[in-house]
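Notes for the one structure printed next.
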Protein chains: 2
Amino acid sequence: MEVVKAFLKSLQKEEALNLTGGKRGRITIHEVASAAGVSISTASKALNDTGRMGAETRERIKRIAGEIGYRPNALARGLLSKRSFTVGLLTNDTYGRFTLPVMAGISDALVDHGVSVFLCAIEDDPALAQTHVDAMLDKQVDGIIATGKRLDRRLPVDLSNLHVPVVYAFTEGTQDSVTFRSDDEQGARLAVEWLLKAGRRRIAHITGPEEFFSVRERAGAYHQVAGHREPVLYGVWSESWGHEAIGQLWKRSGEKPDALFCGNDQIARGAVDALRERGIKVPQDVSVIGFDNWEIVAAQTRPPLTTVDMELKELGRQAGLTVLALAEGRPVEPGVRKLPCRLIVRQSCGGNAPKE
Amino acid sequence: MEVVKAFLKSLQKEEALNLTGGKRGRITIHEVASAAGVSISTASKALNDTGRMGAETRERIKRIAGEIGYRPNALARGLLSKRSFTVGLLTNDTYGRFTLPVMAGISDALVDHGVSVFLCAIEDDPALAQTHVDAMLDKQVDGIIATGKRLDRRLPVDLSNLHVPVVYAFTEGTQDSVTFRSDDEQGARLAVEWLLKAGRRRIAHITGPEEFFSVRERAGAYHQVAGHREPVLYGVWSESWGHEAIGQLWKRSGEKPDALFCGNDQIARGAVDALRERGIKVPQDVSVIGFDNWEIVAAQTRPPLTTVDMELKELGRQAGLTVLALAEGRPVEPGVRKLPCRLIVRQSCGGNAPKE
DNA sequence: GTCAAGTGGGAAAAGGTTTTCTCATACAAT
DNA sequence: ATTGTATGAGAAAACCTTTTCCCACTTGAC
């Protein structure tokens with residue numbers, strides 16, 4: 001309601017603006033038409049390469065439009081076409097660790113199509129989420145992409161019966177929706193196989209809380225590939241847990257691990273630090289591999305971490321293209337699409353950098 | 001006659017709606033009007049609390065609108081009012097370290113006003129930047145906020161002669177524009193004074209590249225408050241530089257510093273690690289203070305870093321409110337506005353946690 | 001009984017664009 | 001000369017709201 005009030009006020013102000021500086025009033029297709037001495041219909045058809053007209057007329061109109069700096073009003077166009085060339089990105093990942101790459105991918109894929117992206121950060125606040133969704137719907141977004149920080153959690157808002165397409169990326173979607181996620185199992189396999197290939201045999205797995213779906217998936221792949229040689233240490237997603245886990249492992253009797261597969265880069269970093277404090281050399285004595293490829297952590301660790309990248313930008317790109325396809329009415333098969341992870345080789349494992 | 005025609009038309013539309021499953025075609029004010037048995041003008045006036053009509057008529061229309069789930073089409077509204085309730089955020093900070101808090105502040109301030117935010121990440125690519133700006137302008141944004149990762153650099157695109165208001169936040173603006181930035185001088189003073197208050201006297205300053213404006217400003221404040229007791233070590237913004245700087249300092253003859261004021265949290269972290277490796281205790285032997293309050297770094301350091309927070313979210317909030325004011329034609333004094341920093345007390349300095 | 005003022009509500013224009021339909025001209029074929 | 005057929009271009013409707021008139025009716029006063 002207060003919105004409307006402000007709106008009234010702004011209308012009054014506009015005249016004042018005209019008086020003060022004449023900044024208002026964009027160039028419309030009417031200006032183009034009258035400058036070219038044609039009707040607006042002809043101008044429109046010329047600019048959109050539709051309709052029939054003389055080639056030289058078309059060219060002339062286009063030229064004039066360019067010269068006077070005409071740009072079509074997307075609001076008017078959207079009103080008619082029911083396409084706003086706008087999508088919304090909804091996220092509850094306040095920190096942006098996952099959202100930012102996804103966002104970059106979406107934007108990257110859609111900017112060529114003239115689509116802009118509303119970013120809405122909702123912090124697990126259902127009311128805020130609903131406010132944002134309503135605002136986007138009012139603005140006639142062509143679609144919504146929901147993203148989060150966890151594969152097995154929903155956003156705190158129901159997106160299932162909207163009249164615009166919804167695509168889920170890195171968060172749990174509804175039945176019959178399109179969902180993009182990383183293939184954590186494959187990523188974990190990549191990591192463990194790399195350690196095996198480096199000749200390591202006693203590979204430990206230090207990871208996050210067991211209730212995370214991706215933790216269980218990665219641990220499963222670890223068990224499968226590594227063959228249960230070492231136990232899995234579940235904890236939290238922090239450096240200090242990585243540090244502490246090394247304490248636990250080295251307190252035990254028997255042979256120590258010669259490799260660590262860590263659930264994320266922060267844990268890996270904590271572990272590497274702990275190993276250094278014990279005088280254990282990475283990668284000579286112990287190889288360490290992380291997960292996430294969070295540059296700020298992985299690249300700044302000494303030595304820099306070899307790690308698994310979930311290719312979130314590519315994930316965002318595909319989510320963007322998919323929501324666009326849906327918006328244009330092209331058919332898209334519903335279901336969960338797993339995108340492969342990629343191993344980023346740095347120096348914490350020995351081994352060589354990848355060819356590419 | 002007219003009435004009958006409109007009625008027929010609406011009937012047809014409704015049938016079509018029912019056939020397709022009801023997903024297409026949002027509810028418009030026409031539906032509200034016909035459901036309430038009034039004209040669309042009356043419906044509009046009822047919903048906007050304008051015009052004259054019976055109180056019970058107004059209430060009835062509002063109730064019906066609510067019941068059938070009417071939401072006004074922002075495109076149509078915007079076309080008329082020339083306000084889209086949309087602003088653009090332009091950033092070249094790919095990593096999001098600075099942009100994300102700023103974005104959060106903007107969104108936080110504007111969501112109550114029904115304004116949504118386009119996020120455009122341009123990676124120092126002028127062509128990409130222009131594409132995004134054009135797309136936003138076409139979509140009739142009410143204003144643009146430009147933000148970056150450095151106070152003394154411009155975005156690679158000229159925003160000076162747009163017909164929408166532009167506000168700069170954490171990036172260099174043009175003459176006569178409104179610019180928000182952190183008060184790095186005050187922030188640095190805060191840090192050094194805190195160290196002095198903790199009884200430290202030999203305070204070293206390890207910081208980033210001298211060509212950064214904020215580096216010089218912070219160093220200036222350091223000199224002023226600490227009284228030149230120790231030299232300034234300029235380097236790069238990385239942990240390894242912090243690590244190396246400790247090497248340089250401790251290689252020198254004479255008394256060692258008893259406190260470090262670091263140019264950012266990464267440097268501080270590198271320094272803390274280096275000190276620990278030398279068996280020097282933080283904060284008992286040396287107090288360390290960082291800058292940025294980048295949680296992922298500051299909170300995970302052992303011990304967690306006391307650091308200076310630039311209050312970027314508040315900065316974003318003010319930038320958002322300012323661009324809104326400008327969009328509504330309210331007068332705003334141009335110039336640079338410095339926002340105070342805040343000291344976040346953790347454990348790397350001794351001292352107590354703040355009261356609040 | 002007429003007039004003025006007040007009240008409740010509607011018709012229509014406006015905003016910028018696209019699209020469908022119609023019209024006018026020219027030219028070829030009959 | 002008449003019909004038929006391309007061809008080029010314009011008029012008008014449509015998208016959904018808001019806002020500005022304007023009309024019809026009631027009431028009270030003279």
Side-chain angles (χ1 to χ4, degrees), chain A residues 3-12 14-15 24-34 36-61 65 70-85 137-140, chain B residues 1-7 9-10 12-13 16 24-34 36-61 65 70-85 137-140:
Chain A
V3 175
V4 176
K5 241 191 205 158
F7 155 70
L8 264 170
K9 211 171 293 175
S10 87
L11 263 197
Q12 294 175 335
E14 276 206 288
E15 287 202 49
R24 272 275 149 238
R26 288 180 49 136
I27 292 157
T28 75
I29 200 169
H30 285 91
E31 271 81 54
V32 176
S34 83
V38 297
S39 73
I40 57 164
S41 353
T42 304
S44 174
K45 283 182 290 195
L47 295 170
N48 293 313
D49 280 325
T50 59
R52 290 176 328 205
M53 75 187 58
E56 74 291 344
T57 310
R58 199 182 287 279
E59 285 313 315
R60 186 170 53 87
I61 295 174
Y70 167 72
R71 307 237 25 163
N73 181 326
L75 261 43
R77 199 198 286 245
L79 186 57
L80 198 55
S81 68
K82 297 186 174 308
R83 290 265 282 113
S84 63
F85 289 93
L137 257 22
D138 290 352
K139 283 163 190 136
Q140 314 291 115
Chain B
M1 226 350 162
E2 291 297 328
V3 182
V4 176
K5 224 158 129 194
F7 178 59
K9 210 172 293 179
S10 90
Q12 291 176 336
K13 207 177 293 175
R24 267 276 141 242
R26 288 180 48 135
I27 292 156
T28 75
I29 200 169
H30 285 91
E31 272 79 54
V32 177
S34 84
V38 297
S39 73
I40 57 164
S41 357
T42 305
S44 174
K45 283 183 291 196
L47 296 170
N48 292 314
D49 280 325
T50 59
R52 291 176 327 209
M53 74 187 57
E56 74 291 346
T57 309
R58 198 182 288 280
E59 285 312 315
R60 186 170 53 88
I61 295 174
Y70 168 71
R71 307 237 23 162
N73 181 326
L75 261 43
R77 201 197 284 241
L79 186 57
L80 200 54
S81 69
K82 298 187 175 307
R83 289 265 281 111
S84 63
F85 290 94
L137 257 23
D138 290 351
K139 283 164 189 134
Q140 314 291 115

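Only a predicted model underlies this, so the values are computations on that prediction, with no experimental measurement involved. Order of the sequence lines sets the chain letters (A, B, ...), proteins ahead of strands, with each chain counted from 1. What's counted below: heavy atoms across the whole structure, side chains too, no hydrogens, waters or symmetry copies.
To the nearest 0.5 Å, atom CE of residue A:Met53 and atom CD1 of residue A:Ile61 are 5.5 Å apart. Here OG1 of A:Thr57 is found 6.0 Å from CZ of A:Arg60. Values are rounded to the nearest 0.5 Å. Atom CD1 in B:Ile40 sits 4.0 Å away from atom NE2 in B:His30 (nearest 0.5 Å).
Note on A:Ser44: a base of the nucleic acid sits closer than 4.0 angstrom, heavy atoms only. Across all strands, B:Arg71 comes closer than 4.0 Å only to sugar-phosphate atoms, never to a base (heavy-atom distances).
Whole-Å rounding puts the B:Arg60 CZ to C:dG8 C1' distance at 12 Å. The distance from atom CD1 of B:Ile40 to atom P of C:dA14 is 15 Å, rounded to the nearest whole Å. Taking atom NZ of residue A:Lys45 and atom C1' of nucleotide D:dG10, one finds them 7 Å apart after rounding to whole Å. Between the C1' atom of C:dT17 and the NZ atom of B:Lys139 lies a distance of 16 Å, rounded to the nearest Å. Distance, B:His30 NE2 to D:dA14 P: 11 Å, rounded to whole Å. Put simply, NZ on B:Lys82 is 13 Å from P on C:dA14, counting in whole angstrom units. One can place CD1 of A:Ile27 at 14 Å from C1' of C:dG16, the figure rounded to the nearest angstrom. Distance OH (B:Tyr70) to P (D:dC16): 10 Å, rounded to an integer number of Å.
Scanning atom types as modelled, one donor and one acceptor separated by under 3.5 angstrom connect the side chain of B:Ser41 and the base of C:dA11.
The side chain of A:Thr42 contributes an N or O atom lying less than 4.0 Å from OP1 or OP2 of D:dG10. Contact between the side-chain N/O atoms of B:Ser39 and the OP1/OP2 oxygens of C:dG10 is found at a separation under 4.0 Å. Listed pair B:Thr57 / C:dG9 meets the phosphate criterion, a side-chain N or O lying under 4.0 Å from OP1 or OP2.
The shortest side-chain heavy-atom distance between A:Gln140 and B:Arg26 falls under the 4.5 Å cut-off. No side-chain heavy atom of B:Ile29 sits less than 4.5 Å from a side-chain heavy atom of B:Pro72. A heavy-atom distance below 4.5 Å is not found between the side chains of A:Asn73 and B:Lys139. Contact of the B:Leu47 side chain with the B:Tyr70 side chain is registered, since non-hydrogen atoms from C-beta on lie closer than 4.5 Å. Contact annotation: the side chain of A:Arg58 approaches that of A:Asp49 to within less than 4.5 Å [non-hydrogen atoms, C-beta and beyond].
Taking each heavy atom of A:Gly78 and B:Leu75 in turn, the nearest pair found is C-CD2, 3.7 Å. Across A:Ala43 and A:Val38, no two heavy atoms sit closer than the pair N-CG2, 4.2 Å.
Residues from residues 73-81 of chain A lying near DNA chain D, meaning a heavy-atom separation below 4.0 Å, are A:Leu79, A:Leu80 in numerical order.
Using modelled atom types, one finds a donor on one side chain and an acceptor on the other under 3.5 Å when comparing B:Thr42 with B:Ser39.
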* **Protein-to-nucleotide contact annotation, 5' to 3' order, nucleotides 22-27 of chain D [B base; S sugar-phosphate only; - none; under 4.0 Å, heavy atom]** => ------
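Note that the two end axes of the helix from C:dG1-D:dC30 to C:dT30-D:dA1 enclose an angle of 80°, each drawn from 5 base pairs, rounded to 10 degrees.
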